[in-house]
There are 2 protein chains.
Amino acid sequence: MSSVDHSKMDNRLNERLATSGFRFTPQRQHVYSVLLGKRDHPTVEEVFMRSKQGMPDISMATVYNCLDALVKCGLVRHVNLDRAATRYCPNMKEHCHFYCEECGGVYDIDFMAEGNHHGLNVPEGFQIKQYDISLRGLCRDCASKAIK
Amino acid sequence: MSSVDHSKMDNRLNERLATSGFRFTPQRQHVYSVLLGKRDHPTVEEVFMRSKQGMPDISMATVYNCLDALVKCGLVRHVNLDRAATRYCPNMKEHCHFYCEECGGVYDIDFMAEGNHHGLNVPEGFQIKQYDISLRGLCRDCASKAIK
DNA sequence: TCAATATTTGGAATAATTCTAAGTCTCATT
DNA sequence: AATGAGACTTAGAATTATTCCAAATATTGA
């Protein structure tokens with residue numbers, strides 16, 4: 001038995017894709033399972049390398065396409081931390097990311113009522129030097145145009 | 001009289017550069033004044049174009065260098081919102097960024113005790129669809145190595 | 001099964017960022 | 001004021017990330 005429950009994952013994936021108007025394809029299934037398999041916030045390049053192990057003919061363009069579809073249907077988040085390549089994260093629980101300026105590692109940080117840093121459950125020994133909060137959505141003008 | 005107080009700005013800039021081990025140069029001064037002049041979160045390309053108006057011989061590499069120096073000495077923040085180019089912001093007050101998915105505009109959002117969205121002063125009519133919080137610093141391993 | 005259309009593929013094209021080497025400037029020290 | 005060391009700027013090449021494109025293929029609903 002693998003670490004990921006495939007039938008359950010596929011149902012979830014199929015449903016989410018469908019409600020966003022996307023089709024269910026082996027490539028999207030595979031890329032999603034790759035993300036679930038190792039939750040280390042890989043770059044597109046890394047997802048591509050890992051995906052090729054089980055699906056040697058998959059192309060880079062398809063990996064981009066799959067990741068975009070997964071983000072658009074709410075199964076994956078994309079994370080922009082520095083000026084380097086975008087990273088991907090299949091953890092959709094409310095959480096934030098800690099980026100280590102020294103080693104480049106990315107860690108998930110949960111929110112907690114009793115967290116040690118204003119509700120953030122920052123692990124012992126981690127030093128926060130800076131934080132950023134960004135919101136996405138529609139500005140007033142675009143929101144009012146969207147209604148019409 | 002220009003909209004920016006140059007003597008005051010130069011003092012501030014000179015001091016900050018010096019304490020971070022950087023030199024004060026006309027290019028850094030100019031790039032900083034360009035950022036202060038129009039606070040619309042420009043990309044490097046945009047900063048380059050604007051900088052050339054008052055300093056026609058400045059090069060792209062220098063703009064990158066200047067922006068990096070300004071970020072490192074704490075006068076400017078760099079903002080990564082989507083997969084597009086990095087943007088820059090000279091507002092060092094505590095605030096966060098709102099990115100409009102439709103028009104691509106970027107707006108500063110202040111924190112307020114009486115804010116309407118959990119302490120965020122989101123303007124009337126703006127629709128928040130998603131938010132991201134990211135922290136930067138040192139992870140446990142890198143922090144312990146840094147002490148030695 | 002069939003048609004319509006979404007997706008995949010590989011490669012080319014574009015865009016963002018970094019690197020390099022040579023010349024120039026700044027600053028501290030004479 | 002001259003000098004030397006090192007930081008900075010410049011232009012362009014190189015690299016890296018991402019998007020675009022057109023043809024082939026796969027998926028879905030009728």
Side-chain angles (χ1 to χ4, degrees), chain A residues 10-11 13-34 41-52 54-73 75-76 78-88 104 106, chain B residues 10 13-32 34 41-52 54-73 75-76 78-88 104 106:
Chain A
D10 289 353
N11 282 341
L13 175 59
N14 199 352
E15 184 190 315
R16 288 297 196 98
L17 286 170
T19 58
S20 298
F22 292 109
R23 289 180 178 171
F24 181 88
T25 69
Q27 288 85 352
R28 285 173 181 163
Q29 177 189 33
H30 186 61
V31 165
Y32 188 42
S33 78
V34 161
H41 307 84
T43 62
V44 180
E45 184 71 30
E46 286 164 344
V47 174
F48 178 50
M49 302 298 260
R50 293 175 197 175
S51 296
K52 280 207 289 195
M55 189 177 271
D57 291 341
I58 197 170
S59 75
M60 194 62 165
T62 298
V63 172
Y64 271 101
N65 174 335
C66 292
L67 289 169
D68 282 351
L70 292 170
V71 167
K72 282 183 185 139
C73 71
L75 288 168
V76 166
H78 66 118
V79 185
N80 279 99
L81 291 160
D82 50 8
R83 278 196 304 216
T86 301
R87 293 161 177 278
Y88 290 85
V106 179
Chain B
D10 290 353
L13 174 58
N14 199 351
E15 183 190 314
R16 288 297 196 98
L17 286 170
T19 58
S20 296
F22 292 109
R23 290 184 175 166
F24 180 88
T25 70
Q27 288 85 354
R28 287 174 180 163
Q29 177 189 33
H30 187 60
V31 166
Y32 187 43
V34 162
H41 306 86
T43 62
V44 179
E45 185 70 31
E46 286 164 342
V47 174
F48 178 51
M49 302 298 258
R50 293 175 197 175
S51 296
K52 280 207 290 194
M55 189 176 272
D57 291 341
I58 196 170
S59 74
M60 195 62 164
T62 297
V63 172
Y64 271 100
N65 172 335
C66 292
L67 289 170
D68 282 351
L70 292 170
V71 167
K72 282 182 185 138
C73 71
L75 288 168
V76 166
H78 69 118
V79 184
N80 279 100
L81 291 160
D82 50 9
R83 278 196 304 215
T86 302
R87 292 162 176 278
Y88 289 84
V106 178

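Naming: A, B, ... by sequence-line order, numbering from 1 per chain. Everything quoted here is computed from the prediction, not taken from an experiment.
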Find the distance [X]:[atom1] to [N]:[atom2] and express it as a whole number of Å.
X     : N      : atom1 : atom2 : value
B:L67 : D:dC8  : CG    : P     : 14 Å
B:D82 : D:dA17 : CG    : P     : 17 Å
A:Y32 : C:dT7  : OH    : P     : 18 Å
A:D57 : C:dG11 : CG    : P     : 12 Å
A:L13 : C:dT7  : CG    : C1'   : 14 Å
B:I58 : D:dC8  : CD1   : C1'   : 11 Å
B:Q29 : C:dC25 : CD    : P     : 16 Å
B:F48 : D:dG12 : CZ    : C1'   : 12 Å

Audit row: A:V31, A:I58, side chain to side chain contact (heavy atoms under 4.5 Å, CB included) steps and yes/no: CA-CA 10 Å; A:V31 165; A:I58 197 170; 4.0 Å; yes
Under the 3.5 Å rule, do the base of C:dT7 and the side chain of A:R28 count as making a donor-acceptor pair? no
Tell me if the side-chain of A:R23 makes a donor-acceptor pair with the base of C:dT7, cut-off 3.5 Å, by modelled atom types. no
Dump the intermediate steps for side chain to side chain contact (heavy atoms under 4.5 Å, CB included) on A:M60 and A:V44, then the final yes or no. CA-CA 8 Å; A:M60 194 62 165; A:V44 180; 3.9 Å; yes
Give one of base, sugar-phosphate or nothing for A:T62, where a contact means two heavy atoms less than 4.0 Å apart.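 Touches a base.
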Looking across every strand, which nucleic acid part, if any, lies under 4.0 Å from B:N65 by heavy atom: base, sugar-phosphate, or nothing?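 Base contact - B:N65 has a heavy atom under 4.0 Å of at least one base atom.
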Ignoring hydrogens and geometry, is there a side-chain-to-backbone donor-acceptor pair from [X] to [Y] under 3.5 Å?
X     : Y     : result
B:S20 : B:L17 : no
B:R28 : B:R23 : yes
A:N80 : A:T86 : no

A:F24 side-chain proximity, nearest of D:dT9, C:dT9, D:dT28: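 The nucleotide sitting nearest to the side chain is D:dT28.
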Can you identify which nucleotide, out of C:dT7, C:dT9, D:dT10, has its nearest atom closest to the A:Q27 side chain? C:dT9
Hey, are the side chains of A:L67 and A:H78 touching, using non-hydrogen atoms and a 4.5 Å cut-off?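 Heavy-atom side-chain distance check fails, nothing below 4.5 Å.
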Between B:Y64 and A:R83, is any pair of side-chain heavy atoms under 4.5 Å apart? yes
Can you build the contact string for nucleotides 12-19 of chain C? Use B for base contact, S for sugar-phosphate-only contact, and - for no protein heavy atom under 4.0 Å. ----SBBB
Would you say a side-chain N or O of A:T25 is under 4.0 Å from OP1 or OP2 of C:dT8?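 It does, given that an N or O in the side chain of A:T25 lies less than 4.0 Å from OP1 or OP2 of C:dT8.
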